[in-house]
Amino acid sequence: ALMVLLSPEYVDIEMWLPPLTMQLLSVPVLLLFVVHRRKLEELRFQRLQDHRQRLAAAQRLAKVGSFRIGSEPSDVYLSEQASLVLSEERMREKGLSAFETLVLAEDRERLCTAIAQLESGSVDSVELEELALDGDSERRITMRLRRDPETHEVRGSFQDITERVRFQKEQQALTRALADSERLETLGRMAGGVAHDFNNLLTVIVSATELLRRETPDEPLLEEVAVASDKARTLVRQLMAFAGKQPLQPRIIAPGQVL
């Protein structure tokens with residue numbers, strides 16, 4: 001059959017070549033076929049190894065682990081990243097329940113419910129966001145599970161999203177800080193406007209008080225008004241400084257005299 005595939009004229013050749021000659025001719029061809037077949041298998045194996053290495057490198061970079069649990073307890077596969085979190089022995093022993101001990105108690109019920117739904121066949125796939133790992137409350141993972149309804153094989157993956165969650169929290173903190181800064185800026189503009197209007201009223205009060213003090217210098221009430229006006233001027237300067245319209249002028253004071 002091999003000679004027919006290699007040479008369509010084999011049928012005609014067989015008619016005038018002796019059988020022994022035909023056998024001798026077929027031996028090198030068969031050896032050539034075996035060598036070629038082995039080289040193809042080696043090439044396929046090398047390509048498969050290269051593919052696995054690239055996949056492992058991509059999973060390391062993305063911090064993604066994949067796993068498979070077959071219908072038989074011994075049929076378990078863990079990728080390189082998944083083996084850092086789980087062991088094959090534990091997966092063979094407990095199956096999907098092995099994940100329950102990985103997360104904190106606050107997320108364990110959510111994970112157990114999803115696994116029970118998957119094993120009962122009520123759902124074919126589940127996705128769980130931001131599961132906190134036990135032993136490292138700051139570490140977060142996202143898990144996806146899918147069950148084949150025919151073979152009952154479960155394939156899943158999980159991704160370490162700790163850096164993403166931390167970045168989101170930092171972004172939220174920056175957003176809150178920006179909102180607080182905008183509120184303070186608005187308050188400063190309002191304070192500047194109030195201080196400006198109050199300073200106009202205070203100028204009239206101070207001017208009228210000075211005129212009255214010239215006419216009746218011995219009036220004690222006018223002296224109190226003058227002292228209160230000076231304090232009001234200090235308050236106006238502080239409000240203007242808060243609004244950014246007047247720089248602060250720090251000075252050394254005696255607390256006893258101020259109080």
Nearest 0.5 Å please: distance from the [atom1] atom of [X] over to the [atom2] atom of [Y].
{"X": "I115", "Y": "L118", "atom1": "CD1", "atom2": "CG", "value": "8.0 Å"}
{"X": "R147", "Y": "I69", "atom1": "CZ", "atom2": "CD1", "value": "12.0 Å"}
{"X": "L221", "Y": "T216", "atom1": "CG", "atom2": "OG1", "value": "9.5 Å"}
{"X": "E129", "Y": "R110", "atom1": "CD", "atom2": "CZ", "value": "8.5 Å"}
{"X": "E153", "Y": "R146", "atom1": "CD", "atom2": "CZ", "value": "10.0 Å"}
{"X": "R164", "Y": "K169", "atom1": "CZ", "atom2": "NZ", "value": "13.0 Å"}

Heavy-atom check, side chain of R54 versus side chain of D50, under 4.5 Å: yes
With a 4.5 Å limit on heavy-atom distance, are the side chains of I141 and K63 in contact?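 No; the side chains remain at least 4.5 Å from each other.
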Could you check whether any side-chain N or O of [X] sits under 3.5 Å from a backbone N or O of [Y], counting only pairs where one atom can act as donor and the other as acceptor?
{"X": "T162", "Y": "R140", "result": "yes"}
{"X": "S181", "Y": "A177", "result": "no"}
{"X": "R144", "Y": "S125", "result": "no"}
{"X": "T142", "Y": "Q159", "result": "no"}
{"X": "S207", "Y": "V204", "result": "no"}

For [X] and [Y], work out which heavy atoms get closest and say how close.
{"X": "S122", "Y": "Q117", "answer": "OG-O, 3.0 Å"}
{"X": "F67", "Y": "S157", "answer": "CE2-N, 3.7 Å"}
{"X": "I161", "Y": "E130", "answer": "CD1-CG, 3.8 Å"}
{"X": "D107", "Y": "A132", "answer": "OD2-N, 2.8 Å"}
{"X": "V206", "Y": "S229", "answer": "CG2-CB, 3.5 Å"}
{"X": "M143", "Y": "L131", "answer": "CB-CD1, 4.3 Å"}

Within the supplied structure, the quantity of interest is the number of heavy atoms (other residues, nucleotides, ligands) at a distance under 6.0 Å from R108 CZ; does it exceed 12? yes
Give a yes or no on this: more than 12 heavy atoms of other residues, nucleotides or ligands lie within 6.0 Å of atom CD of Q168.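 Buried by this count: over 12 neighbours within 6.0 Å.
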Are the charged groups of [X] and [Y] less than 4.0 angstrom apart, N to O?
{"X": "E41", "Y": "R44", "result": "no"}
{"X": "E185", "Y": "R189", "result": "yes"}
{"X": "D148", "Y": "R155", "result": "no"}

